[in-house]
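See structure below.
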Amino acid sequence: MAGVTGGGSPWRGAVIRPLRSRTTLCGVTASPRKPAALRADTFAGLTVALVSIPQGLAFAAIAGLPAVHGLYAVIVGGLVSSLISGVGRLNIGPAVTTSSMVYAVLATVAPDNHENWPALAGALGVLVGLFTLAGAALRIGRFVRFVSRSVLLGFTVGAALLITGSQLAPMLGLDVGRPPTLLGLLIGVGRHAVEADVASISMAALSFVMVLIGGKYAPRFPTPFIVLALSSVALRVLSQAGLSTTLARIGAIPRSPGALLTPWFGGNFTTDLVVGAGAMALVGLIQTLSIAKAISDKQGARMNAGRELAALGAANLATGALQGLPVAGSFVRSALNEVAGARTRVAGVIAAIGAAAITFLAAPLAAWTPTAAIAGLLVATAVGMVDWRDLFRLVRSDRHDRIVLLTMIGCVFVMPIHWAVLVGMALSAAIFMRRAAVLRMTEMISRDGREFRERRIDAHTGKSAITLVQIEGPLFFAHADEIADVLAEIFSRKPSVVIVRMRRTHQLDYTVIAGLDRVVEQFQRGGGVLIVCGLTRAMRRDLIERSSFGARRPELLLTTGGRVFGSALHAVELAEQIVKRRGTDGSRPLMRSVRSGAKAEGAESSDRTEVGEPVQSTADGPETPLDGGITK
């Protein structure tokens, strides 16, 4: 991953460096020579705190948990991650993606035991933290680039659909239970749609419209906080005035940390719980590293993936131990951090402390927040989290990506979203393996002995005295039989010398070498000669040590060098010398060639034409003699 460092201990920069600083705030460097930076961080932190509070309430609602557990994740997750993370503007806390997965896991594991959901969420957070820390130790961040865009976009769209479906009931003022799938939610709402409450619909619609307008025209303004605050004030005023209302509210928010905790989870760690935690850890690390890398690239800095995963894992352990929601990087709050002018990690610390202070002071008012207003805010968030232009572009562009995307969206309707993520990743991996298993072999046809053009291997390949074939890509066991079959077909046409160019191949699987050995041995018994060129020194060493033909004739294994087509041209010269010594009957051309402006003897054009390659030096330095005095 460009711009990412994965080496070294993730804790070194997180712990040792702050301890060496002369002035720190909760372990975060705050230089006294830059008061402007501290002012900017303070303003940004308080701005993010105002947005974090309604998001914490909303994400707890998505997960089916009491609102306070979302606030706890905002405070504890944000504080712990800010003390460790190396990306100053990154905000870690409850996220819409992880919250939707929490709901799916809880509804699957304990559908009829809602009282135990907070303890289950805590256990889930601890598992997510452990998985994430294990990923940091294994340096798994480097493999995030192999997760396809279709999987990420499919998950985002699926999460947006699940969030919208889960909030339809509170928007309509209904209670339909908590089924784990989108289809179950829609069926439940459909059965009770005639019981919809007009007040709830009006409140949700007003919240939805205001949040969308505020996000578009005043992104720095804490519109969600203002919307929920106004709705809470309105509901309380109506109640105190003696005007009854059918609007449901979130209820009391405890001020004491001890009041938050239910007994620790004492049940079995079921498959769904463990699989859900694994899927959540995977989605969380992908989301967090993506945001952190984008921020680092803008700042011209390098991101230490291990350190960011350590911050994410520690934050999840802390919130899980105190039964908060599992956390991940937040797109919205990280972007707001940047827009508000945050410069260092101090902004994250102030955001967490500010959220705690505001929550403590405003707890009585927050208890009056209508659930319909939160539902409207969440649906607006779901609409905004999908990059619709990117979605339509992906659907139109690639058939395989379209299959993965639509499969994941379809799975969200009929299975919990954590299983949908795993299905999507498995399908994406299968497509990748299928593409990687496609062997690309072409015949290189000479023009004037200097330029080469690629042609598809056809019935004429191998009918000249010298045949030059090129193989591309990493060669592993899936290619072994196909390579052997293609070369056996070429060998059957009795060329005197076959040259196999591997300039674009940098890996040789032992199964491939064994397959080559089998067909080459038969070719050599019939008097044929095989020359392999374009090898790296490691590949040449492998062929000498692991193949019979390499051990017998190491001088016919040519390594690549700095000249354009250097080893290929030398292989052709060597082949011409061999053919000249043996003599030919003149019935076949020396080498298949390209006539100016015309195709070679019936050859079919390949997808591309090559007239040379960039000059590249190998790590082994300039050309040096090989065994037998032959040079590249």
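The first residue of the sequence shown is numbered 1, and numbering continues consecutively from there.
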Polar side-chain atom of E443 near backbone of R455 as donor-acceptor pair, under 3.5 Å: no
M303 versus L289: any side-chain heavy-atom pair under 4.5 Å? yes
Test of understanding: with salt bridge (Lys or Arg N to Asp or Glu O under 4.0 Å), list the residues that count as partners of E576, not counting sequence neighbours. none
Taking all heavy atoms of L90 and all of S85, pick out the closest pair and write down the distance. CD2-OG, 4.0 Å
Side-chain touch F131/L282, heavy atoms, less than 4.5 angstrom: no
V579 and V497, any side-chain heavy atoms less than 4.5 Å apart: yes
Is it true that Q524 and R552 share a donor-acceptor pair across their side chains at a distance under 3.5 Å? yes
NZ (K463) and OG1 (T467) are apart, to the nearest 0.5 Å, by 11.0 Å
Under 3.5 Å, is there a donor-acceptor pair linking the side chains of S547 and D517? no
For S492, which residues count as a side chain to side chain donor-acceptor pair (under 3.5 Å) partner, sequence neighbours excluded? none
Within the distance-only criterion (no hydrogens, no angle test), does the side chain of R540 pair as donor or acceptor with the backbone N or O of P554 below 3.5 angstrom? yes
Side chains of V423 and M415: does their closest heavy-atom pair fall under 4.5 Å? yes
Flag side-chain contact, heavy atom, 4.5 Å: I513 against L543: yes
S464 side chain vs M591 backbone, donor-acceptor pair below 3.5 Å: no
Within the structure provided, determine whether L133 and L317 are in side-chain contact (heavy-atom separation under 4.5 Å). yes
Backbone of G86 reached by a side-chain donor or acceptor of E308 within 3.5 Å: yes
Side chains of M280 and V283, heavy atoms from C-beta outward: is any pair under 4.5 Å? no
Examine distances only and state if a side-chain atom of S567 and a backbone atom of T560 form a donor-acceptor pair shorter than 3.5 Å. no
List the atom pairs, donor and acceptor, that lie under 3.5 Å between side-chain atoms in residues 405-413 and the rest of the protein, sequence neighbours left out.
from: T407; atom 1: OG1; to: I403; atom 2: O; distance (Å): 2.6

Side chain to side chain contact (heavy atoms under 4.5 Å, CB included) for L574 and Q577? Distances and angles first, verdict last. CA-CA 5 Å; L574 184 59; Q577 294 173 12; 4.1 Å; yes
Residue among N316, L312, I84 satisfying side-chain contact (heavy atoms from CB on, under 4.5 Å) with I92: L312
For a quick test of reading the model, state the closest non-hydrogen atom pair linking S496 to R582 and the distance between them. O-NH1, 4.2 Å
So which atom in T461 and which in R493 form the shortest heavy-atom distance, rounded to 0.1 Å? O-NH1, 2.6 Å
Considering residues at least two apart in sequence or located in another chain, which fulfil the salt bridge (Lys or Arg N to Asp or Glu O under 4.0 Å) criterion with D481? none
Sequence neighbours left out, what passes salt bridge (Lys or Arg N to Asp or Glu O under 4.0 Å) with R393? Give chain and number order. D390
Residues L487, M441; criterion side chain to side chain contact (heavy atoms under 4.5 Å, CB included); working and verdict: CA-CA 10 Å; L487 288 179; M441 290 182 66; 4.1 Å; yes
Atom pair CG (L127) and CG (L273), whose distance is rounded to the nearest 0.5 Å: 5.5 Å
Between the CD1 atom in I531 and the CZ atom in F549, the distance rounded to the nearest 0.5 Å is 12.5 Å
How many angstroms lie between atom NE2 of H400 and atom OG of S428, to the nearest 0.5 angstrom? 11.0 Å
If I take atom CD1 from residue I578 and atom CG from residue L556, how far apart are they, to the nearest 0.5 angstrom? 6.0 Å
Who passes salt bridge (Lys or Arg N to Asp or Glu O under 4.0 Å) against R389, sequence neighbours left out? none
At what distance, to the nearest 0.5 angstrom, does CG of L106 lie from CG of L124? 6.5 Å
Note, I140 side chain near L309 side chain (heavy atom, < 4.5 Å): yes
How close do V327 and A315 get, counting heavy atoms only, and between which atoms? CG2-CB, 3.8 Å
Closest contact, heavy atoms only, G424 versus V404: O-CG1, 3.9 Å
Shortest non-hydrogen pair, L394 vs R402, comes out as CD2-N, 4.3 Å
